[in-house]
Amino acid sequence: METIRRGSEHGFLNYCSREFGFVHPTNFARRIYSSQAIVKRIGLYGKLEGHEGCVNAIEFNFSGDHLVSGSDDRQVKFWNWATKSLSFSYSSGHIDNIFQTKIMPFTEDRKIVTSAADGQVRLGEVLENGSVETKRIGKHRGRVHNLAVEPGSPHTFYSCAEDGFVLHFDLRSNRATKLFCCSSLTENNQPPLGNIRLNAIVIDPRNPNFFALGGSDEYARVYDIRRYQMDASSTVDRPVDTFCPGHLIKSHQVHITALSYSSTSELLISYSDELIYLFNKNMGLGPSQSSVQNEDSQRLEKPEMYSGHRNSQTIKGVSFFGSNDEYVMSGSDCGRIFIWKKKGAELVRLMIGDRHIVNQLESHPRIPVIATCGIEKIVKLWAPSSKEFPPLPPDVEEIFESNRQSRENNSRVTLSPDVIMHVLRLHRRQALAYIERRYTRADVESDEEDIEALFGFPGGDASSEDGSATGDSTDCNIS
């Protein structure tokens, strides 16, 4: 009760300061947006229903009045989220589950880029008559989980995929540029052991020349695009910095599912079957982990750590919330939404967000509204709607412990050779079914030439990794 009274008093003082002109309206809105009182009142605002498969991708447009979503049903839908109504939808042209939808800025929301499990990167253009034309503008040989749009650019974005390649796109040209293939970090200039299957790419908002990658090992790598622009012939994997918690260096037991940059260039890293960590720019290990000796790793400055959730069964996102990124958000395998204070990592909100798993969370660019999606076929909207401060669930410690035990038990699982061979046979069978399905498509005739032109190696199955295209795409696949 005392907390409510104190929060109300502060709100009244802020309101009076604004009315008397002591606080600029923008600063007032920011202060209210970021207040813990607002965050604790967040509850379910509504649902956006219409997809026929689980929703994997959501994003607000620049002004925040619309939301775009992509799904296993291969449809892209544009919503007026405030009225919970569908503005328009179109078939993306993908032949497998959509993983990412991005609205290109300063295009009047008329250009949307998408990526999917079929390895394609596609562009949808909304025409004057309201119809949408789609075309393939890039191709990977593995699932494309993530796209990153350069802040403020209507033309430039990146893609990364499970084949390890990073592509750079400029919509003013007719083709993508292959930057490099991300490889494993080695010591003493030894040859790399293999490629890194990439899950995440983000651009530093304060300096868009820098972008970070995360994938199938423990290191987040930061690159400078200028190195590749100055030497167009270079395709060497040359990070300028790497980030990893000290206890995970050379562990080879975790991988990164998501990255996020704050407005002040802090890097948020979410690990599968581990926790979430926040790094300042000065906490990097240098271009390679070999620059840090084993005995030095224990003396590294420790990043902020966020715990309680579980990230194992899917490729989950992680994001900031608040006008100045005062909070960190993540979904969980237990179907809940976790919101922590960025500074101190205190859990301030825990909500049931999905009957199964919450995968992605996207915050509104202006006001305290959150969109989430998961295994269910709907997008959920969250806003400050409660008149009270609902406390954390009484069983919060049990939830933490259950997630912790599940995480630790999963990390100790070992597979026998028979099980491994069975899984490989299943993947092979799925890949063959996928190839057969692909070649019923009219536009597949040019696949081989496009792959060779884009990557410089012979064409082949676009989803050679892990049997990426499986079954009916309207099913909710956990991958």
Side-chain angles (χ1 to χ4, degrees), residues 48-59 66-79 86-104 109-127 130-147 157 159 161-162 169 199 314-315 317 357 359-360 362 371 373-379 430-431 433-447 450 461-479:
L48 305 179
E49 303 183 58
H51 280 293
E52 297 180 359
C54 53
V55 183
N56 306 312
I58 46 177
E59 187 192 39
H66 283 89
L67 179 82
V68 66
S69 62
S71 165
D72 285 1
D73 62 11
R74 306 183 295 278
Q75 295 287 312
V76 175
K77 295 187 181 293
F78 225 76
W79 308 88
L86 181 66
S87 297
F88 67 90
S89 65
Y90 67 92
S91 177
S92 64
H94 288 287
I95 56 176
D96 216 317
N97 306 343
I98 296 176
F99 286 153
Q100 189 87 95
T101 55
K102 291 287 186 182
I103 303 169
M104 297 303 294
D109 300 336
R110 290 182 176 272
K111 292 186 178 181
I112 303 167
V113 289
T114 59
S115 64
D118 58 10
Q120 296 186 60
V121 178
R122 300 186 68 90
L123 171 66
E125 294 189 79
V126 182
L127 306 180
S131 63
V132 181
E133 285 187 354
T134 68
K135 62 180 178 181
R136 190 180 68 195
I137 57 176
K139 185 79 168 180
H140 285 272
R141 297 187 73 187
R143 294 178 287 192
V144 189
H145 287 286
N146 219 205
L147 304 173
F157 69 98
S159 68
E162 291 183 354
F169 294 83
N199 297 321
T314 55
I315 303 296
I357 299 172
N359 283 330
Q360 303 294 335
E362 180 79 9
C373 62
I375 301 302
E376 294 182 274
K377 302 175 183 180
I378 58 177
V379 177
Q430 292 165 349
Y434 172 66
I435 294 172
E436 182 177 354
R437 186 177 66 193
R438 280 182 61 210
Y439 280 86
T440 63
R441 305 282 298 187
D443 65 348
V444 83
E445 296 176 355
S446 62
D447 276 359
D450 287 349
D461 179 17
S463 296
S464 59
E465 293 283 355
D466 302 326
S468 57
T470 61
D472 188 348
S473 61
T474 61
D475 293 338
C476 291
N477 299 324
I478 299 178
S479 59

Student: Tell me the closest heavy-atom pair linking S69 and W79, and the distance in Å.
Tutor: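 Heavy-atom minimum between the residues: OG-NE1, 2.9 Å.
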Student: Is it true that D72 and N56 share a donor-acceptor pair across their side chains at a distance under 3.5 Å?
Tutor: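 Checked: N56/D72 side chains pair up, N/O donor to acceptor below 3.5 Å.
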Student: Work out which heavy atom in R136 is nearest to a heavy atom in R122; give both atom names and the distance.
Tutor: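 It is CB-NH1, 3.6 Å.
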Student: So does I95 get a backbone contact from the side chain of D118, meaning a donor-acceptor N/O pair under 3.5 Å?
Tutor: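 Checking the backbone N and O of I95 against the side chain of D118, a donor-acceptor pair under 3.5 Å is found.
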Student: Can you check side chain to side chain contact (heavy atoms under 4.5 Å, CB included) on F157 and K102, steps first, answer last?
Tutor: CA-CA 10 Å; F157 69 98; K102 291 287 186 182; over 6 Å; no
Student: Please confirm whether the backbone N or O of V76 pairs with a side-chain atom of S92, one donor and one acceptor, at under 3.5 Å?
Tutor: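 Flag not set: sc S92 to bb V76 has no pair under 3.5 Å.
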Student: Determine yes or no for a side-chain-to-main-chain donor-acceptor pair under 3.5 angstrom, with R110 supplying the side chain and E125 the backbone.
Tutor: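 Looks like no, no N/O pair under 3.5 Å.
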Student: Given 3.5 Å as the limit, does a donor-acceptor pair link the side chain of T134 with the main chain of G93, or not?
Tutor: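 No, T134 side chain to G93 backbone: no donor-acceptor pair under 3.5 Å.
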Student: For E59 and I103, indicate whether the former's side chain and the latter's backbone hold a donor-acceptor pair under 3.5 Å.
Tutor: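 Side chain of E59 to backbone of I103: a pair is present.
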Student: List the steps and the verdict of side chain to side chain contact (heavy atoms under 4.5 Å, CB included) for N359 and I315.
Tutor: CA-CA 7 Å; N359 283 330; I315 303 296; over 6 Å; no
Student: For side chain to side chain contact (heavy atoms under 4.5 Å, CB included), just list the numbers for F78 and V126, CA-CA rounded to whole Å, side-chain angles, deciding distance to a tenth of an Å, and then say yes or no.
Tutor: CA-CA 11 Å; F78 225 76; V126 182; over 6 Å; no
Student: For Q75 and H51, which I'm curious about, is there any donor-acceptor pair between the side chains at under 3.5 Å?
Tutor: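 H51 and Q75 do not have a side-chain donor-acceptor pair below 3.5 Å.
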Student: Looking only at heavy atoms, what is the nearest atom pair of V121 and H140, with distance?
Tutor: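 Shortest heavy-atom contact: CG2-CD2, 4.3 Å.
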Student: With rounding to the nearest 0.5 angstrom, report the NZ to OG1 distance, K77 to T101.
Tutor: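 The distance works out to 12.5 Å.
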